[in-house]
J.: 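For reference, the structure I am asking about is given below.
What's counted below: heavy atoms across the whole structure, side chains too, no hydrogens, waters or symmetry copies. One-based numbering along the sequence shown.
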Amino acid sequence: MMYNVSQNWSFWGRGMFSEMELECLHNSTLDILENTGVLVEEEEALRLFAAGGADVNRSTGMVRIPKWMVEEAIITSPRSFRLAGRMPESDYMLENGRVGFTSISVAVNVRDMDTQEVRPSTKNDLEVFTHIMDQLEHYNICLYPLLPTDVPAESADMHALQAYLENTTKHVMLCANDSITAQAIIALAAEVVGGRDKLKDRPILSVIGCPKSPLSLSTEVTVGLIACAKVDLPVVAMPMALSGGTGPVTLAGTLVQHNAEVLSCLVLSQLVKKGAPFIYGSCTTSMDVRRGQCTTGSAEHAMFAAGTTRLSQYYKLPYIGPGTWTDSKINDMQAGYEKALSTLLPALAGSNLLFGGGCQTGGLVADFATLVADNDLFKIVQFILRGIPLDEESLALKVIKEVGPQNEYMTHRHTLKNMRSGQCWPEFFNRDSAEGWKNKGRPTVEKLALEKAKTLRSREARHPLPAETKARLADIIKQAEKEKGVK
């Protein structure tokens with residue numbers, strides 16, 4: 001049967017799938033969940049699924065989830081909620097119709113701001129990266145951008161959260177792959193807001209879990225999800241399926257599998273606590289089967305982001321997915337093309353949050369100049385999303401009649417009044433004459449963005465934490481490391 005009613009190749013954006021096509025994807029997902037199921041490792045998750053009505057095979061760990069459980073979880077999950085910042089002015093509302101941006105996720109390398117050499121990322125790099133991002137207007141939250149490789153691996157997530165809390169007022173989103181880490185990061189966030197009761201009202205932290213494609217919920221995913229759902233912190237299910245590798249080579253097939261992995265996490269979150277805030281996530285892309293390599297700046301990555309956005313809207317669930325990614329190793333034409341494509345396509349579909357700012361090398365390298373330059377790209381995309389307003393002021397009929405034929409608008413008061421709102425002015429894109437550009441020393445976007453990154457690095461933190469709070473954060477990490485046996 002042919003389901004492509006909408007001719008979706010010509011309808012990218014909010015109309016890319018018809019209602020019939022979305023129902024087709026949904027029903028196919030329900031089939032997978034009910035008849036194939038998902039593999040679940042952790043005992044508490046298995047217990048919750050069994051108690052909730054799923055068919056649980058304890059010997060194999062396979063969990064088959066009936067349709068009614070999925071439908072009920074969709075109904076009880078909140079449609080919108082606030083990602084609170086440390087300061088109220090940094091709050092970001094996850095809701096239909098709002099598109100926002102954030103950084104690259106968990107890069108293990110950084111391009112040194114001073115030497116421009118690529119090296120393993122450190123906790124200090126994370127602190128500087130976060131401090132710069134905190135000052136950039138179009139980064140709405142702080143996603144886990146850099147893995148601090150100079151701290152014990154067992155407590156890296158805790159050290160990362162400490163770096164965020166001390167260097168940004170924006171909402172923080174990171175990982176928690178075991179129960180001790182999950183409890184520690186909850187304690188760290190609660191310490192900053194003044195206690196666990198206040199953390200419920202001001203959820204400054206959300207936690208990402210990445211199902212292992214195909215169709216597996218590892219312990220690393222379920223422990224963080226369960227711990228955070230219990231205390232009303234938002235959780236994100238973010239599969240990273242590779243079409244042609246860990247998912248079907250066809251995009252539609254991988255969408256179905258991806259959707260099944262997300263919805264299984266949704267069901268689990270609602271079994272823990274009905275109404276627990278849940279975010280539909282994605283980092284699914286394709287594998288270049290010729291090379292066996294993951295692609296991130298690819299057309300498929302952007303198409304998956306747009307497609308999963310539409311699925312999240314079908315379920316009325318908040319969404320975060322990839323945008324602004326590139327496989328390029330430098331800031332070149334490939335990077336520019338891929339970043340523009342991978343940002344604009346899912347933004348036009350209405351993604352609530354797109355992550356990837358500062359990305360190079362398929363997410364393996366974070367670059368400070370790119371972080372700053374991508375803020376300009378976000379500004380442009382937001383201008384496009386605003387559309388062309390039609391009202392008396394913007395139609396300017398009176399002005400057109402006043403100016404008449406063979407005249408100019410530059411000196412008209414209407415131009416002075418509306419020029420800032422009527423045009424988009426990127427900070428780093430050069431629009432000088434060729435001669436003017438040469439006279440300024442032939443500056444590139446990368447050069448100008450790197451200079452700004454260094455300027456932002458040198459500024460004082462806008463809202464530093466009190467010294468006593470910093471000391472308590474360090475104590476919480478030391479205690480958790482002691483529990484884990486970290487030396």
Side-chain angles (χ1 to χ4, degrees), residues 100-105 107 109-119 121-122 124-143 145-146 167-168 170 296-297 322-344 347 354-384 423-432 434 436-462:
F101 305 97
T102 186
S103 68
I104 185 176
S105 177
N109 298 292
V110 66
R111 187 176 300 281
D112 190 284
M113 206 185 313
D114 299 309
T115 68
Q116 289 298 288
E117 295 297 321
V118 174
R119 56 169 175 76
S121 50
T122 66
N124 181 67
D125 293 323
L126 178 55
E127 291 167 346
V128 174
F129 204 86
T130 304
H131 174 57
I132 292 173
M133 186 168 24
D134 187 61
Q135 301 171 71
L136 296 172
E137 177 186 1
H138 297 290
Y139 285 86
N140 299 102
I141 72 165
C142 181
L143 187 62
L146 290 169
N167 290 279
T168 185
K170 298 178 181 180
T296 63
T324 330
W325 286 69
T326 180
D327 292 313
S328 181
K329 286 65 182 170
I330 57 174
N331 289 314
D332 60 357
M333 290 174 69
Q334 178 183 340
Y337 291 152
E338 289 181 338
K339 281 179 171 287
L341 232 158
S342 64
T343 305
L344 186 57
L354 290 171
F355 66 92
C359 169
Q360 283 185 349
T361 320
L364 296 176
V365 176
D367 180 69
F368 291 97
T370 307
L371 176 74
V372 174
D374 285 344
N375 190 62
D376 243 11
L377 175 59
F378 301 154
K379 178 181 181 179
I380 296 167
V381 172
Q382 290 288 20
F383 184 83
I384 292 170
Q423 296 183 349
C424 183
W425 299 339
E427 184 175 354
F428 303 115
F429 293 5
N430 191 283
R431 293 172 176 173
D432 292 335
W437 173 69
K438 290 177 184 176
N439 291 338
K440 289 181 179 178
R442 304 170 186 257
T444 63
V445 169
E446 183 175 29
K447 179 177 182 293
L448 295 172
L450 182 59
E451 289 173 355
K452 179 163 183 179
K454 291 179 178 179
T455 298
L456 296 177
R457 174 178 61 177
S458 66
R459 291 179 180 172
E460 293 294 326
R462 296 184 298 169

J.: Rounded to the nearest 0.5 Å, how far apart are CZ of Arg111 and CD of Glu117?
T.: 8.0 Å
J.: More than 12 heavy atoms of other residues, nucleotides or ligands under 6.0 Å from CZ of Phe429: is that the case?
T.: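 Buried by this count: over 12 neighbours within 6.0 Å.
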J.: Of the non-hydrogen atoms in Thr168 and Cys142, which two are nearest, and what is the gap between them?
T.: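 Smallest interatomic distance, heavy atoms only, reads CG2-CB, 4.3 Å.
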J.: Using the ring of each side chain (for Trp, its six-membered ring), is Phe101 parallel, tilted or perpendicular to Phe378, with breaks at 30° and 60°?
T.: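 Parallel: the ring planes of Phe101 and Phe378 meet at under 30°.
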J.: Can you tell me how far the CD1 atom of Ile104 sits from the CG atom of Leu146, to the nearest 0.5 Å?
T.: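 Result: 7.0 Å between the selected atoms.
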J.: Step by step, would you call Thr370 with Asn331 a side chain to side chain donor-acceptor pair (under 3.5 Å)?
T.: CA-CA 8 Å; Thr370 307; Asn331 289 314; 2.9 Å; yes
J.: Looking at Asp114 and Arg457, is there a salt bridge between them, counting it only when a charged N and a carboxylate O are closer than 4.0 Å?
T.: yes
J.: A side-chain contact here means heavy atoms from C-beta on lying under 4.5 Å apart; do Thr296 and Pro322 qualify?
T.: no
J.: Within a strict 4.5 Å, meaning less than it, do heavy atoms of the Leu450 and Met113 side chains meet?
T.: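 They are in contact (side-chain heavy atoms under 4.5 Å apart), so the answer is yes.
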J.: Counting distance only, does the side-chain N/O of Asp332 pair as donor-acceptor with the main-chain N or O of Ala335 below 3.5 Å?
T.: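 A pair under 3.5 Å: yes.
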J.: Measure the shortest side-chain to side-chain distance between Arg462 and Asp134 over non-hydrogen atoms and say whether it is less than 4.5 angstrom.
T.: yes
J.: Determine, for Asp432 against Lys438, whether the closest basic-nitrogen to carboxylate-oxygen distance falls under 4.0 angstrom.
T.: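 No.
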J.: Checking side-chain polar atoms at under 3.5 Å, does Asn167 have a donor or acceptor matched by the opposite partner on Glu127?
T.: no
J.: Is any side-chain heavy atom of Lys170 closer than 4.5 Å to one of Tyr139?
T.: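 The answer is yes; the side chains approach within 4.5 Å.
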J.: Shortest non-hydrogen contact from Ala347 to Val381?
T.: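 So the minimum-distance heavy-atom pair works out to CB-CG1, 3.7 Å.
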J.: With a 3.5 Å distance limit and no angle check, can you tell me whether Gln360 reaches the backbone of Ile330 through a side-chain donor-acceptor pair?
T.: no
J.: Indicate the atoms forming the closest heavy-atom contact of Phe355 with Ser103, along with that distance.
T.: CB-O, 3.2 Å
J.: Looking only at heavy atoms, which two atoms of Phe428 and Val445 are closest? And how far apart?
T.: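 Answer, listing the atom of Phe428 first, then Val445: O-CG2, 3.5 Å.
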J.: Taking NZ, NE, NH1 and NH2 as the nitrogens, is one of them in Glu427 or Lys452 under 4.0 Å from a carboxylate oxygen of the other?
T.: yes
